[in-house]
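Before any comments, here is the structure.
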Amino acid sequence: MIVARGLSKRFGRIQALEGVDLDIAAGEIVCLLGPSGSGKSTLLRCINHLERPDAGAVWIDGDLIGFTREGDRLLERDDRSIARQRRRCGMVFQRFNLWPHLTALQNITEGPIRVLATPRETAEREARALLARVGLAGREGASPAQLSGGQQQRVAIARALAMNPDVLLFDEPTSALDPELVAEVLHVMRDLAATGMTMVVVTHELGFAREVAHRAVFMDAGRIVEAGAASDMLTHPTHPRTQAFIQAVMG
Amino acid sequence: MNPSDSLSVSGLRIATRRRPGRWIGAALALLALGFIIRGFALGQIDWSIVGRFLTAPAILAGLVNTVLMTICAMALGLSLGVMFAVMMLSPNPVLRVSARLYIWFFRGTPLLLQLLLWFNLALVFPRLGVPLLGSVRTVDVITPFVATLLGLGINQAAYTAEVVRGGLLAIDRGQAEAALAVGMTRFAALRRIVLPQALRLIIPPVGNEVISMVKLTSVASVIQFSEVLRGVQNIYYANARIIELLIVAAIWYLAVVTLLTLGQTLLERHLRPAA
Ligand SMILES: Nc1ncnc2c1ncn2[C@@H]1O[C@H](COP(=O)(O)OP(=O)(O)O)[C@@H](O)[C@H]1O
Ligand SMILES: [Mg+2]
């Protein structure tokens, strides 16, 4: 479903991605692991073209993301066309990025109403259902500042789901949370996984990865170092970098 | 100190410390105020004339024009300011440079000079028009009101643009990214998500600029825009009661500015919990 080929991205002197190939099937749950600065976020952000790769490309269901092909060249698409492609990917950020001037409900309905032109009543009905699904029924009117980190992240997940995406991209969804709030977010993600949603998850929660992910991909210095069945790789990593990383995270 | 001592001290009344400096300062201030009041009371000022002209129709009409111009010029200044702020942050270098040039010119020349330029536009362009749609005589279009509106609004925009730019930069990048991630275009993300937050941030500085604008409109008296100052000038050219009429104008400016300051305080108090 998602195919990435030869993705490279440079920031000044830093090579954030270097020739990354990745294939993700529909319904698959893939965890991206790796030390800080290894390019996990950049890879995730290339999938919905929040980051424009310097080389290589991403296809979702056969559609080239962010570019059109003209002969042997890739031309970046216009704003509108890129925005349309991004609807397929929901994204959940480390720092939630809820919109503070809108209520929890409005954060969820904003996309459907503005982007999909869903009638307000329909959008609100669906948003209420989504809030209930992430365990926040009754908090429709709360502003983000009134919610705990865990609650904010659950609203952010509901916001992503409201667009009916084909894929959900998670960038360290629990890294900014106090330890006691991590479980409630992982719980919502487990529920999602059980529905067969395609998910790409950058995380340091190895327990979650082992239990929920079908596949784990280990990155280092902008490259994929090792990939395989999550349960195998996390219990018997073969590459020394992976071994070191898992050792370090397990403490 | 022994325990019985501290026991007896604990029962004593605490007296206010004497601060002779404060008394002297207050006395001096009151004295100065007294001199000023006495000066005005005994000076060559006919207060009955001040009272009579305070609500003269020509003055009240000028007051309406002052307030109207403040509103229109600020509205123009804010809209153009937002536009130029967005241009300054655009990835397109031509837009960035154009916005910079605009700000460079309108902040680099005196407002009075700009007003005179707008007012005398007819000397440069005798007719204004759109190709194929026809044209009109410039003097018919550039009335004192229009010249003042353009002068004040366009000048204000150059300052407001910097304020808005600061507000836009203060909003976390993640806000726009979250909007892009739900499929908004860059423009929609700006309009729906980033601008509303930035505008809330810049309410206090823009409030100050509204207050400055009230007083700035008086400059337009030189190009015959009939605001408060022009109104009192027209009257004192006829009756030579210069000081009395200037006091009338001062009273009205103070009244408007006081009301606006009050409104600003209330608005900021109202906004604080949301911030
Ligand atoms: N917008 C950016 N500007 C400059 N450098 C960046 C930017 N985004 C990421 N980088 C750099 O690219 C490298 C990879 O970053 P990232 O993909 O965020 O890693 P990870 O998510 O694995 O921690 C890091 O060295 C980071 O500092
Ligand atoms: Mg990251």
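Here is the naming used below: chain letters follow the sequence lines, and residue numbers restart at 1 for every chain.
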More than 12 heavy atoms of other residues, nucleotides or ligands under 6.0 Å from [atom1] of [X]: is that the case?
X: A:Arg84; atom1: CZ; answer: no
X: B:Phe187; atom1: CZ; answer: no
X: B:Arg137; atom1: CZ; answer: no
X: A:Trp59; atom1: CH2; answer: yes
X: A:Arg10; atom1: CZ; answer: yes
X: A:Arg128; atom1: CZ; answer: yes
X: B:Arg96; atom1: CZ; answer: yes

Tell me the closest heavy-atom pair linking [X] and [Y], and the distance in Å.
X: B:Val182; Y: A:Gly111; value: CG2-CA, 4.2 Å
X: A:Trp99; Y: B:Ile193; value: CD1-CG2, 3.3 Å
X: A:His101; Y: B:Arg192; value: NE2-O, 3.3 Å

Checklist entry - To the nearest 0.5 Å, how far apart are CZ in B:Arg173 and CZ in A:Arg95? => result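 One finds 14.5 Å between CZ of B:Arg173 and CZ of A:Arg95.
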
Item to check | Between OG1 on residue B:Thr185 and CZ on residue A:Arg86, distance to nearest 0.5 Å | outcome: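 With rounding to 0.5 Å, OG1 (B:Thr185) is 10.0 Å from CZ (A:Arg86).
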
Checklist entry - Heavy-atom distance under 4.5 Å to chain B: side chain of A:Leu169, backbone, both or neither? => result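 Neither part; nothing is under 4.5 Å.
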
Next on the checklist: Does any backbone or side-chain atom of A:Arg45 lie under 4.5 Å from a heavy atom of chain B? Answer side chain, backbone, both or neither.
Outcome noted: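 Contact with chain B involves the side chain of A:Arg45 alone.
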
Next on the checklist: Looking at A:Asn97 and B:Gly174, would you say the former's side chain and the latter's main chain have a donor-acceptor pair under 3.5 Å?
Outcome noted: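 Side chain of A:Asn97 to backbone of B:Gly174: a pair is present.
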
Checklist entry - Listed by residue number, which members of residues 75-83 of chain B have a heavy atom under 4.5 Å from any heavy atom of chain A? => result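 Under the 4.5 Å heavy-atom cut-off, nothing qualifies.
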
Checklist entry - Quick one: does B:Glu177's side chain get under 4.5 Å of A:Met91's, heavy atoms only? => result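 In short, these two side chains do not touch, never coming nearer than 4.5 Å.
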
Winner by heavy-atom pair count (cut-off under 4.5 Å) against chain B, out of [options]:
options: A:Gln85, A:Arg88, A:Arg159, A:Glu110; result: A:Glu110
options: A:Leu102, A:Asn48, A:Leu98; result: A:Leu98
options: A:Asp79, A:Leu50, A:Leu116; result: A:Asp79

Checklist entry - Where does B:Ala179 contact chain A at under 4.5 Å (heavy atoms): side chain, backbone, both or neither? => result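 When you check distances to chain A, atoms from both the backbone and side chain of B:Ala179 fall under 4.5 Å.
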
